[in-house]
2 protein chains.
Amino acid sequence: MKSTSQPRDRGIPEATVARLPLYLRALHGMAERGVATVSSEDLAGAAGVNSAKLRKDLSHLGSYGTRGVGYDVEYLVYQISRELGLTQDWAVAIVGVGNLGRALANYGGFVSRGFRVAALIDADPEVVGDTIAGLNVEHIDELEAVVKRRGVSIVVLATPAEAAQAVCDRVIAVGVTSILNFAPVVLSVPDTVDVRKVDLSIELQILAFHEQRKAGGPLMAVDSQ
Amino acid sequence: MKSTSQPRDRGIPEATVARLPLYLRALHGMAERGVATVSSEDLAGAAGVNSAKLRKDLSHLGSYGTRGVGYDVEYLVYQISRELGLTQDWAVAIVGVGNLGRALANYGGFVSRGFRVAALIDADPEVVGDTIAGLNVEHIDELEAVVKRRGVSIVVLATPAEAAQAVCDRVIAVGVTSILNFAPVVLSVPDTVDVRKVDLSIELQILAFHEQRKAGGPLMAVDSQ
DNA sequence: ATCCCTTTGTGAACCGATGCACAAAGTAGC
DNA sequence: GCTACTTTGTGCATCGGTTCACAAAGGGAT
């Protein structure tokens, strides 16, 4: 079993996986502009990475380039899509239909290729029954039933921090193993479950740290010693 | 110059900086519950990290713990806040007041300690003049003036993808060096500028990748060879 | 068919981050 | 003061990821 017919390794580095969507987006843009073939140099430029890194990333999927020529755009789009699992359709449920949940439901670009918002769920009787982005908001009591009925496999948590862990536990109990968490809490889950976290406040704090450094560091104003 | 009085090293590892906000949040929770002192083990548990990592992270700020006892919660909150630059007040402008921008403006928890939404800016005459979260939405033509007048130092981009680079260039031209980008594009900026990216679609794709792996991998359905 | 040019795929050095494991430093009890 | 116990701070081995640099592979021209 050498790198002739089955070069695709089961273990793709996590860092590579995180960049594949970036390459895919750049490639989609190129495909729309009618570009047929692209070099690692150009694609790397479009994705904002180093070309050696790009080549190594792609080499983890297989040998899809042609030396002296580059990569076929359409073919590469297909291969990356398949590797990421975007050739199938993922049903996503958004739990928590506050400002953020609403924005996510309406954000077209977000749920694009491969993903479909299949359910909106909230606890507030005030919003249950509303129609948002063409979907009926259902009550949290229906959570388990809705997840099962619609074949939801990815849950987006946009609840208040206090509610997140409880909702998390419930969706895991019905078999969901992929969660995108917007609530500012550390979820505790079994390690069979994947949680990705998006935390706006943390991103701002990291920016503030660097901004402060540029301005002279934390000692400047205080001069503690 | 040893580690007695000036232990604070100018170079805090990036990975550490990214975790400090997490520790800070856990500590705030503890402070509210009246906890006076915490061990690395307990704090690490609350933040979801390994205790050795936590201790090493904190050691980059200085020697703020007491052996045999732990860390003083209040004191550590102060030290981390100071290191992150949260003892000062950062004026944030949100550009793009669509669904997402609106959600961000209203999201109280997001702009919490140390941050203040100082301006909302949009190009659509339909929304310019509206009041959202107590703020008047201003026209994009006023961008430079508003940024200067309000002392904005961090800009949040919540525009459509097509507009993001242009807005980015403009705010950089007025001196902004910290940008939080929600638009699904790779911004090109001088390397004096910090850009952090939040991309919902990428997060979903990473989840899909792992979800597919759990289900048997991309070969299962296709069996290409 | 041969030579030259382009671009891929990857071996190897390097770099930063992680986690173990333990000495150093402190508290508490006698 | 001395001993036993707790918990920090860190040296060290390790690991994953990045980057360089180049040999291998292909295309095109003569």
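Everything numeric here is computed off the predicted structure, so don't read it as measured data. To find a chain, count down the sequence lines: A is the first, B the second, and so on, and within it residues start at 1.
For the pair B:Ala208 and A:Leu86, the tightest heavy-atom approach, listed with the atom from each and the gap, is CB-CD2, 4.4 Å. Across B:Val77 and B:Ser81, no two heavy atoms sit closer than the pair O-OG, 2.7 Å. Contact detail for B:Gly11 and A:Arg213: the closest heavy-atom pair is N-NH1, 4.5 Å.
Separating the OH atom in B:Tyr64 from the OG atom in B:Ser59 is a distance of 11.0 Å, to the nearest 0.5 Å. How far CG of B:Leu61 is from CD1 of B:Ile80: 6.0 Å, rounded to the nearest 0.5 Å. Distance check, rounded to the nearest 0.5 Å: NZ of A:Lys197 to CG of B:Leu22 gives 4.5 Å.
For DNA chain D, no neighbouring residue in residues 185-197 of chain B is found when judged by any heavy atom under 4.0 Å. Across residues 15-29 of chain B, B:Ala15, B:Arg19 each have a non-hydrogen atom less than 4.0 Å from an atom of DNA chain C (numbered order).
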Could you write out each protein N or O paired with an N or O of nucleotides 28-30 of chain D at a distance under 3.5 Å?
none

With 3.5 Å as the limit, what N/O pairs link the protein to nucleotides 5-8 of chain D?
unit_1	atom_1	unit_2	atom_2	d
D:dT7	O4'	B:Gly68	N	3.0
D:dT8	OP1	B:Ser40	N	2.5
D:dT8	OP2	B:Ser40	OG	2.5
D:dT8	O2	B:Arg67	NH1	3.0

With the criterion being N/O to N/O and under 3.5 Å, what pairs connect the protein with nucleotides 11-14 of chain D, and how long is each?
unit_1	atom_1	unit_2	atom_2	d
D:dG11	O6	B:Lys56	NZ	3.0
D:dC12	N4	B:Lys56	NZ	3.3

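Salt-bridge formation is not detected for the pair A:Glu41/A:Arg55: no Lys NZ or Arg NE/NH1/NH2 atom is positioned less than 4.0 Å from an Asp or Glu carboxylate oxygen. Looking at A:Asp199 and B:Arg25, a side-chain N of the basic residue comes within less than 4.0 Å of a carboxylate O on the acidic one, giving a salt bridge.
Between C:dA17 and B:Asn50, no contact under 4.0 Å exists linking OP1 or OP2 to a side-chain N or O.
Nucleotide C:dG16 holds its C1' atom 11 Å from the NE2 atom of B:His60, rounded to whole Å. D:dG16 atom P lies 16 Å from atom CG of A:Asp57, rounded to whole Å. Atom CG of A:Leu58 and atom P of C:dT10 are 11 Å apart (whole Å). At whole-Å resolution of the value, CG in A:Leu54 and P in C:dT10 are 14 Å apart. As a whole-Å value, the separation of B:Ile12 CD1 from C:dG16 C1' is 15 Å.
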### Message
Between A:Ser178 and B:Glu211, is the side-chain hydrogen bond (donor to acceptor under 3.5 Å, both in side chains) condition met? List the steps.
### Response
CA-CA 7 Å; A:Ser178 295; B:Glu211 186 69 27; 2.4 Å; yes
### Query
Is there a side-chain hydrogen bond (donor to acceptor under 3.5 Å, both in side chains) between A:Gln79 and A:Tyr75 once you walk through the steps?
CA-CA 6 Å; A:Gln79 291 298 344; A:Tyr75 186 57; 3.1 Å; yes
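Among A:Val117, A:Ile179, A:Leu104, the one residue that satisfies the side-chain contact (heavy atoms from CB on, under 4.5 Å) test with A:Val156 is A:Leu104. Between B:Val171 and the options B:Leu157, B:Leu143, B:Ile121, a side-chain contact (heavy atoms from CB on, under 4.5 Å) holds for only B:Leu143.
A:Glu203 is not listed as a side-chain neighbour of A:Leu207, based on a closest heavy-atom distance of 4.5 Å or more. The side-chain heavy atoms of A:Glu83 and A:His60, taken from C-beta on, include no pair separated by under 4.5 Å.
Considering only residues two or more places apart in sequence or on other chains, B:Asn181 meets the side chain to side chain donor-acceptor pair (under 3.5 Å) condition with none of them.
Heavy atoms of other residues, nucleotides or ligands lying less than 6.0 angstrom from CD of A:Glu74 number 12 at most.
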